[in-house]
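To start, the structure under review is shown below, and the notes come after it.
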Amino acid sequence: CTIKYQFGSTGTILRERTKATVMAIKCCCFPRDPLEEVSVWSESVDKLLECKSGQIAFREFLKTEYSEENILFWLACEEYKKIKSTPKMVSTANQIYTEYVQVEAPRQINIDCGTREYITQHISEPNINSFDNAQKIIYGLLARDCYPRFLKSEIYQAILRRPQKTIKKR
C-alpha cells in the first residue's frame, strides 16, 4: 500500500503519521490482524521487536525522534546472523558497515569508538558475530531510552485507541 503524508501544523503531521502507521501495519500480509498483539508490546521491548507490526510502529516512532537508524541497524544485524553463505556474509557485512558503522556513515549509529574500531579492523574477514557488541549497545539504547518514550508516544497510544472492531479474533 502507498502511504501519503499531509503536511501542515505539527499536530497534523503527527496525526497523519499515526494514521499512516496504522494503515501500514494493516496493509502488511499477516494471517490475522497484527494489531491484536498491540497490548503485548508494552510488556517488553523484546515483545515489541518480535512482532513485525511492532517493528513497523516502533520504526515510525523512531523516525519522529530522528533515530530510525537504531532499529534499522538492529534489524540488519538480525538478518545478517541468518546468513549461511560466506560471500553473502562478506557482502552484507560491508553493506552494514558502510551504512551504519563507519565514521560519517549515512545512518551512523551511536557506538563507542572502541567498538567502532574493532569492527573496522575486522570487517575484511567478517563472521556471524562481527556486529554483536554494536548490536548489544544499540539494543540497550532502544530498550532503555527509546522504548519507554514509544509507550508514551501518540503513535502507540493511537494504535491502542483504535476502534474495537479490529480486535476481534478471526
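We're numbering straight along the sequence, starting at 1. Here the structure is a predicted model, which is why all the values come from computation and not from measurement.
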Separation of [Y] [atom2] from [X] [atom1] (nearest 0.5 Å):
X: Thr86; Y: Lys84; atom1: OG1; atom2: NZ; value: 11.5 Å
X: Leu48; Y: Gln55; atom1: CG; atom2: CD; value: 8.0 Å
X: Ile155; Y: Ile56; atom1: CD1; atom2: CD1; value: 12.5 Å
X: Thr64; Y: Phe61; atom1: OG1; atom2: CZ; value: 5.0 Å
X: Glu60; Y: Phe150; atom1: CD; atom2: CZ; value: 10.5 Å
X: Asn70; Y: Leu141; atom1: CG; atom2: CG; value: 5.0 Å

List in chain and number order the residues that pass side chain to side chain donor-acceptor pair (under 3.5 Å) with Lys82, two or more places apart in sequence or in another chain; answer none if no residue qualifies. Glu79
Pairs meeting criterion side-chain hydrogen bond (donor to acceptor under 3.5 Å, both in side chains) with involvement of residues 129-151, two or more places apart: Asp46-Tyr139, Glu65-Arg149, Glu78-Gln135, Lys81-Gln135, Thr115-Asn133, Asn129-Asp132
Selection residues 90-105 - residue pairs positive for side-chain hydrogen bond (donor to acceptor under 3.5 Å, both in side chains), sequence neighbours left out: Tyr97-Thr120
Excluding sequence neighbours, so at least two apart, what forms side chain to side chain contact (heavy atoms under 4.5 Å, CB included) with Glu43?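 With neighbours one apart ignored, the set is Val40, Lys47.
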More than 12 heavy atoms from other groups under 6.0 Å of CG on Asn127: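 Counting neighbours around CG of Asn127, more than 12 heavy atoms of other residues, nucleotides or ligands fall under 6.0 Å, so yes.
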Could I get the full list of ring pair (Phe, Tyr, Trp, His ring centres under 6.0 Å) partners for Phe131, not counting sequence neighbours? Tyr80
Do Ile71 and Leu49 have side-chain heavy atoms sitting under 4.5 Å apart? yes
Mind listing the closest non-hydrogen atom pair of [X] and [Y] along with its distance?
X: Val38; Y: Ile159; answer: CG2-CG2, 3.3 Å
X: Ser39; Y: Ser42; answer: O-OG, 2.9 Å
X: Pro148; Y: Ala143; answer: CD-O, 3.4 Å

Would you say Ile119 ends up clustered with Val90 if hydrophobic residues are merged whenever their side chains have heavy atoms under 4.5 Å apart, either directly or through other cluster members? no
Could you state whether Ile123 and Tyr118 fall into the same hydrophobic cluster, counting links through intermediate Ile, Leu, Val, Met, Phe, Trp or Tyr residues with side-chain heavy atoms under 4.5 angstrom apart?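 Unlinked, Ile123 and Tyr118 end up in two clusters.
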Give every residue pair that meets the salt bridge (Lys or Arg N to Asp or Glu O under 4.0 Å) criterion with at least one member in residues 111-123, sequence neighbours excluded. none
Mind running side chain to side chain contact (heavy atoms under 4.5 Å, CB included) on Lys52 and Glu37 for me, showing each step along the way? CA-CA 10 Å; Lys52 186 73 171 166; Glu37 301 176 353; over 6 Å; no
Between Tyr156 and Ala57, is there a donor-acceptor pair closer than 3.5 Å when you use the side chain of the first and the backbone of the second? no
